[in-house]
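None of these values were measured; they are calculated from a predicted model. Note that the numbering runs from 1 along the sequence shown for the chain.
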Amino acid sequence: MSLLVVGLSHRSAPVSVLERASLPVGTQAELLRDTLAAEPAVEAAVLATCNRIELYADVDKFHAGVAELSTLLARHSGVGLDELTPYLYVHYEDRAVHHLFSVACGLDSMVVGEGQILGQIKDALALGQELHTAGRLLNDLFQQALRVGKRAHSETGIDRAGQSLVTFGLEQLAEGRDPGVWAKGKRALVIGAGSMSSLAAATLARTGVAEIVVANRTRARADRLVEILNQAGGTGVAAHAVEMAAVSDELTRADVVVSCTGATGLVLSAEAVAGALGLDFAPREAPAVPAAAPPADLDQHAAWVENGSATATAQAQAVRRVTVPAQSTGPVRLALLDLAMPRDIDGDAARLDGVCLVDIESLAEASADAPMAADVDQVRTIVADEVAAFGAAQRAAHITPTVVALRTMAAGVVAGEIARLDGRLPDLDEKQRAEISQTVRRVVDKLLHAPTVRVKQLASEPGGAGYADALRELFDLDPQTVAAVSRADLNDPKRGRS
């Protein structure tokens, strides 16, 4: 079996494609189940973030695996295969390992060095374990990726090369000023209560805002986030939760808004932002589509999302903002940070006087010019070393069942010969019998020691996979015995857990 990854990210696809190809958690589970049901794959895991979707699988056929995984990504993402294919990348075996380790270290992130990706990798592994789609290979791979990422952050200064998307986004809103000075005394509205919104709220609290209001479709989650914020000592921030229906009113009092929800359509329209600021807004003409645009009334938003209006989503995506960061005339009255994929805030809000909008697209363009820390080279060296070590360990592990089967066969031969000796020399006392038995075992162990140690060393080197086959052939080992050892190792409850 061999490791294969098929995916797309901010490096391979435009934001408009990534928005449409986003995978909710429920869809991720369906994708994993369907991947295991496909013939080429025996293990699967999916890593889905706001700027990447990657499907990892242990496959027995490369070309069939690429075709099947690509088809499954297209089917579950809702983007046609013909449209999706030009943006897909494929990594195989060591290159796939190198890719995931680089991702774990933050080298492939939109903001180089950000550490949030480690939590997302951990979540991907947890989902695979929960659904029993991650077997020995993917458990080993993802657990090692987490260790490599932690090593990169602890042994180098990669954290200085970039920050989380939240921190970087606030720096963009501050437009060169100290974010702490810029945020001091401001009133913040956080829309959403998931992992990214929680990180945003915590970052805002540390930055020095005076008040944080949390709005979420599920009020209990908003209340829980507020409880955590209020329990955090030393920030001095006042936090409280509101219903999503109250967002329009809260918008009139907010200085900064951070939005990151799982909605499939807009959460804040340009008209809603203009209304909160008391401004007139003339919408830009968009290409004709057969359905009306998403409702500007936030009271209707939840019902609209549940209806899954694909055509409305298409119209919401028809207008694209290209300025980085968004430019408007006059002093900034409202700062908007959109961390959602697909986006929560209408890009046309950037055209309003006094509004500054930073979103995923603008963050990608701004971070492309960010200086790279010297520590990045050190992290690349760590990744290269860890990839080599992982490959050697996997190749060595591949031959272990064969070595165990060989020693089991040898032990059986020894036991048979000792039993035969007992029949021929029944008058031996227990001491004599034990001495003879131990001597025979020592001889067999010494004969097998050097070959088995050497074959493990050879098997750990590139191209060493054939040594297991040679060992089975030379000693006429039963393939079913070797397979039984492999299954026992795979089913060991101590394996595959962090």
Side-chain angles (χ1 to χ4, degrees), residues 2-13 18 21 43-58 66 69 73 87-125 128 134 137-165 167-168 341 360 363-364 367-395 462 498:
S2 300
L3 178 66
L4 174 67
V5 56
V6 178
L8 70 161
S9 73
H10 63 98
R11 295 187 181 277
S12 69
L18 285 173
E43 296 183 37
V46 61
L47 178 59
T49 72
C50 61
N51 51 35
R52 76 174 63 250
I53 299 174
E54 295 176 345
L55 182 56
Y56 292 77
D58 186 4
V66 171
L69 265 59
L73 278 176
Y87 305 112
L88 293 176
Y89 48 76
V90 175
H91 299 298
Y92 191 55
E93 294 186 326
D94 283 353
R95 290 184 63 85
V97 177
H98 188 282
H99 174 74
L100 181 60
F101 287 4
S102 297
V103 169
C105 293
L107 293 180
D108 198 59
S109 294
M110 189 173 289
V111 179
V112 173
E114 62 94 9
Q116 188 185 8
I117 186 64
L118 286 174
Q120 294 162 333
I121 291 174
K122 187 175 182 179
D123 290 343
L125 174 59
L137 174 60
L138 292 185
N139 270 294
D140 288 350
L141 175 68
F142 275 71
Q143 289 175 11
Q144 187 63 22
L146 291 171
R147 287 190 284 268
V148 174
K150 292 173 183 176
R151 180 187 169 193
H153 285 281
S154 64
E155 296 183 13
T156 76
I158 190 67
D159 291 335
R160 296 193 296 267
Q163 309 81 23
S164 70
L165 282 176
T167 304
F168 191 63
M341 183 70 71
I360 291 291
L363 284 175
S367 63
D369 298 326
M372 300 288 286
D375 302 273
V376 169
D377 288 337
Q378 187 179 351
V379 173
R380 287 178 176 145
T381 300
I382 289 175
V383 168
D385 291 344
E386 292 283 358
V387 170
F390 182 83
Q394 290 295 310
R395 287 187 289 270
S498 310

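- Asn51 CG to Ile117 CD1: the interatomic distance, rounded to the nearest 0.5 Å, is 7.5 Å.
- Leu107 places none of its side-chain heavy atoms less than 4.5 Å from the side chain of Val103.
- Here Glu155 pairs with Arg151 under the side-chain hydrogen bond (donor to acceptor under 3.5 Å, both in side chains) rule; sequence neighbours left out.
- Contact between Leu88 and Leu73 at its shortest, heavy atoms only, is CD2-CD1, 4.2 Å.
- Between Glu54 and Val46, the closest side-chain pair of non-hydrogen atoms is not below 4.5 Å.
- For Ser102 against Val383, the heavy-atom pair with the smallest separation is OG-CG1, 3.8 Å.
- Distance NE2/His99 to CG/Asp94: 14.5 Å, rounded to 0.5 Å.
- With sequence neighbours excluded, the residues forming a side-chain hydrogen bond (donor to acceptor under 3.5 Å, both in side chains) with His153 are Asp159, listed by chain and number.
- Taking Arg11 as the reference, Asp108 meet the side-chain hydrogen bond (donor to acceptor under 3.5 Å, both in side chains) condition, with sequence neighbours excluded.
- Looking at residues two or more places apart in sequence or on another chain, you find no ring pair (Phe, Tyr, Trp, His ring centres under 6.0 Å) involving Tyr87.
- Inter-residue side-chain proximity for Cys105 and Val379 is flagged as met; some heavy-atom pair is nearer than 4.5 Å.
- Using a 4.5 Å heavy-atom cutoff, the side chains of Leu55 and Leu4 are not in contact.
- The backbone N or O of Ser2 sits less than 3.5 Å from a side-chain atom of Asp58, completing a donor-acceptor pair.
- Neither side chain, Gln378 nor Thr156, offers a donor N or O lying under 3.5 Å from an acceptor on the other.
- With a 4.5 Å cut-off on side-chain heavy atoms, Leu100 and Val5 do not count as touching.
- For Arg147, there are no salt bridge (Lys or Arg N to Asp or Glu O under 4.0 Å) partners two or more places apart in sequence or in a different chain.
- Atom CD1 of residue Ile121 and atom CZ of residue Phe101 lie 9.5 Å apart, to the nearest 0.5 angstrom.
- Counting only heavy atoms from C-beta outward, the side chains of Leu141 and Phe390 approach each other to under 4.5 Å.
- Using a 4.5 Å cut-off on side-chain heavy atoms (C-beta onward), Glu93 and Leu3 make no contact.
- Between Tyr89 and His91, the gap from one ring centroid to the other is short of 6.0 Å.
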Next on the checklist: I'd like to know whether Asn139 forms a side chain to side chain contact (heavy atoms under 4.5 Å, CB included) with Gln143, so could you lay out the CA-CA distance, the side-chain angles of the two residues, the decisive distance to 0.1 Å, and finally the verdict.
Outcome noted: CA-CA 6 Å; Asn139 270 294; Gln143 289 175 11; 3.9 Å; yes

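- Judged purely by atom type and a 3.5 angstrom limit, Glu43 uses its side chain to pair as donor or acceptor with the backbone of Leu138.
- Counting heavy atoms from C-beta on, the side chains of Leu8 and Arg52 never come closer than 4.5 Å.
- Remark: His98 engages no residue in a ring pair (Phe, Tyr, Trp, His ring centres under 6.0 Å) (not counting sequence neighbours).
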